[in-house]
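Data first, discussion second: the structure below is written as structure tokens.
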Amino acid sequence: MTPPLLNIKKLSVAFKNSQQHLTQVVHQVSFQINLGEKLALVGESGSGKSVTALSIIKLHDRQRVNYPTGAIEFQGQNLLQKSEADLRRVRGKNIAMIFQEPMTSLNPVYPIGTQLIEPLLLHEGLSKSAARSRMLELLELTGLPEPHKRFNSYPHTLSGGQRQRVMIAMALACRPQLLIADEPTTALDVTIQLQILELLENMQQEFGMAVLLITHDLNLVKRFAERICVMQEGNLVESANAEKLFEQPQHAYTQHLLNSQPERIQTDYDYTTAPTPLLDAQQIRCYFPLSKNFFQRTDNEIKAVDEIDLHLYPGETLGIVGESGSGKTTLGLCVLRLQNCTGAIRFAGKQLDRLQTRQLRPLRRQLQVVFQDPYSSLSPRMTVEQIISEGLIIHYPDLNHQKRRERVIKILKEVGLQEDMLSRYPHEFSGGQRQRIAIARAVILEPQLILLDEPTSALDVSVQKQVLELLENLQRKHHISYLFISHDLKVIRAMSHRIMVMRHGCFIEQGETEKIFNHPQHPYTRSLLHASLFM
Amino acid sequence: MPSFIISRLLSTLTVILGVITLIFLLIHLVPGDPVQAMLGETATPTDLEALRQALGLNQPLFTQWWQYMTHLLQGDLGTSLYSQEPIIDIMIERFPATLELAIAGLLVAILIALPLGSIAALRKDTIYDNSAMVFSLLGVSIPNFWLGPLLILLFSLTLGWFPVSGRENFLSLILPALTLGTALSAILARMIRSTLLEVLNEDYIRTARAKGLRESAIVIHHALRNASLPIITILGLQLGTLLGGAVITEIIFAWPGIGQLTIESIQRRDYPLVQACILLISVSYVLINTLTDVLYAWLDPRVRYSV
């Protein structure tokens, strides 16, 4: 029997903090990969999957990392015992790696060509021109359009998908036996995700290498991997054949993960008895200048939102779907008058577009926002009580401290948090808890409309489901209308009564959720749905 | 890149025109009569009027500005009231000294700060890092008026290695450059340490490591160029300030530069010379800033493309 290509035996990883105290984050993890095999390491954030992957070629900060137990055997040799010089000969040559964020993974000050040929110059001693022609072939293979022209381009001039193709070509330069792909599609749009995944599959077959896929996305795993290892809090809790794991998950955590996929929780909205819309926006247009001439006149602009109509009924959720850069967030901010735009906006009988900032202020109570990133949208210098009660101080100045506190406690309980959390600061909470605080801050003002801008994108899948259920409960209880922005079609399907699809700032199509999902009219919607169903 | 340089040069010219006009207006619109100030309280009205006519101060402000600009374009900055020499000649004599000292000071600062800051970042939280930061703290804390005389005492008077003052040969440049460079190197070393630490944590450094590059190649090729961007901004601003004359250092070492000249001309109420000094300092500052912008764009393609 051939020995495995990579054999990780009882690997533990710990990190030193500034006081030199060790914290163990990976506990005795063991798994193997054979040549030509596709293995996925799955888990939520903090599960230790990336730490394990980076340990394979020892990419952690040498001054901080410690390996209390275990061995990482690659082609029979323990990489943990290799010197730095020996490891450098393995990195990029035998084991290559691609990362989550292709924009930041490429050096912004060098053309991609310079970065692409580095492994070949280093490991194979090729001349620059030989390395260049080899890389051009590889770029062609990865599907980068016009590789000759783009060879001297800088990373920022390429799209996210193109940059990830460059990263893949760079990783494959020396024909490695093992490719570690750490969340390779997470930062990409859904249609690009599918393309990159297909590319990885093709390359794996072409080069016959093993692929270790690190991801939190179970759908991606289902599509790609032959074998799956599930990690939770630094432990490997289950390892099985992909088919078997999806059909008969053994460990409770794996079952929990599989059950956390968003399912439709929204009941249908009765449009036959729909009253007049709460929000009615006509011909919304928002252009951003790209460059100005010497006289500061705009000579090039980007049409972030181009003449879009939008209406939203009381208690309804309108899901706005589109890939990054489609203008969905800008549209949301425009209709709330948080972004300058042209067009008519009517909200609860008032013409918002004609109001001055001061006249708008009392209406702000009715129009709330919950942002994507609960880490940066809550002030780190304010306690939970200060954060949630800030709006009350402005909009209900007659409430005394006691009454304000009572309301804060009530809403805190409503969003599933406890009274004793009042005096704590945001950094003391998990991502899901922080998003609950952000929701409480919005809901306490009893708004009629909340703009939810990717409210679950930064959250793990199990937490995501809880937050969606909370939002649905609050909507039913308080009869709030939601403008729900997301790039994630599963989340949109779970939450929305109606969907609007956007692309490049333009309206593509809209309709009731299930109708759009079952009978999309526009080719773009069809391609979006196709990609999301496969992912 | 050429279009970037042209656009920067055009805006630089506009700024310089604005600066010249502003300086002209500041000197001409300040309360008080410059002629009275020049001739003193005892001057007769006839003398005052004669000087006013001689200097063209009795003409409308715009005519004076126009004359000033046309003279300026011909390289005529006027005549010093004190020495009666053409100001342009004084500038030509003094400015090279300032330029020499500024560049030498900056070089000293870079030569000290680059290894110090880099070692501190690469050996973070070790004895090397701590020692570098202690030096940096000392460098910032020691004032030039104390360090300068101390260096003279040690290296000139005791050891006799360098001249005490003046600008005679290369040796006379060493002590003033060290005095200027020490404080600057301290600030720069801290800046290099913090930016390098930030850059070393970037994803593209991890990519470079994953390719199998040596640590030295990673630092020199991938990290330093990115880290140099904020450092260049600081260097540009510092060089601009130094070109305005390092007044204290120039006085301590009797260095015949612009800083010393500015102080002397203010004390002598030599207004045309004061005006010329301010003009030179401002224009140098603007030009250095333009150079910094161009350098920044050369190093970072994102800046080039965004214009």
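So you know, we letter chains A, B, ... as the sequences are listed, proteins then strands, and number each from 1.
Dense packing is recorded around NZ of A:K82, with more than 12 heavy atoms of other residues, nucleotides or ligands lying under 6.0 Å away. Atom NZ of A:K303 has 12 or fewer neighbouring heavy atoms from other residues, nucleotides or ligands inside a 6.0 Å radius. Around the CD atom of B:E198, the shell of radius 6.0 Å holds no more than 12 heavy atoms that belong to other residues, nucleotides or ligands. No more than 12 heavy atoms of other residues, nucleotides or ligands shown are found within 6.0 angstrom of CH2 on B:W298. Heavy-atom contacts from other residues, nucleotides or ligands closer than 6.0 Å to OH of B:Y296 number more than 12.
Contacts between B:L213 and chain A at a heavy-atom distance below 4.5 Å involve backbone atoms as well as side-chain atoms. Interface residue A:L54: only side-chain heavy atoms are found under 4.5 Å from chain B. Heavy-atom distances place both the backbone and the side chain of A:Q115 under 4.5 Å from chain B. If you measure heavy-atom distances from A:L106 to chain B, the contacts under 4.5 Å come from the backbone alone. Only the side chain of A:R62 comes within contact range of chain B, with heavy atoms under 4.5 Å apart.
For chain A, the option among B:N201, B:N226, B:L299 with the highest count of heavy-atom pairs below 4.5 Å is B:N226. Ranked by heavy-atom pairs shorter than 4.5 Å toward chain A, the options B:A208, B:A217, B:G212 are led by B:G212. The most heavy-atom pairs under 4.5 Å with chain B, out of A:G92, A:P119, A:P111, A:S105, come from A:S105. Interface summary for chain A: among B:E215, B:R206, B:R214, B:R209, the most heavy-atom pairs under 4.5 angstrom belong to B:R206. Among A:M167, A:E84, A:R91, A:H123, the residue making the largest number of heavy-atom pairs under 4.5 Å with chain B is A:R91.
A distance of 10.0 Å separates OH in B:Y204 from CE in A:M103, rounded to the nearest 0.5 Å. Here CD of A:E118 is found 3.5 Å from NZ of B:K211. Values are rounded to the nearest 0.5 Å. Note that CG of B:D125 is 10.5 Å distant from CZ of A:R64, once rounded to the nearest 0.5 Å.
At least one side-chain heavy atom of A:M170 sits less than 4.5 Å from a side-chain heavy atom of B:T207.
When all heavy atoms are compared, the tightest approach of B:P301 to A:P108 is CG-O, 3.2 Å.
Classification of the B:H221-A:Y110 ring pair by plane angle, with boundaries at 30° and 60°, yields parallel.
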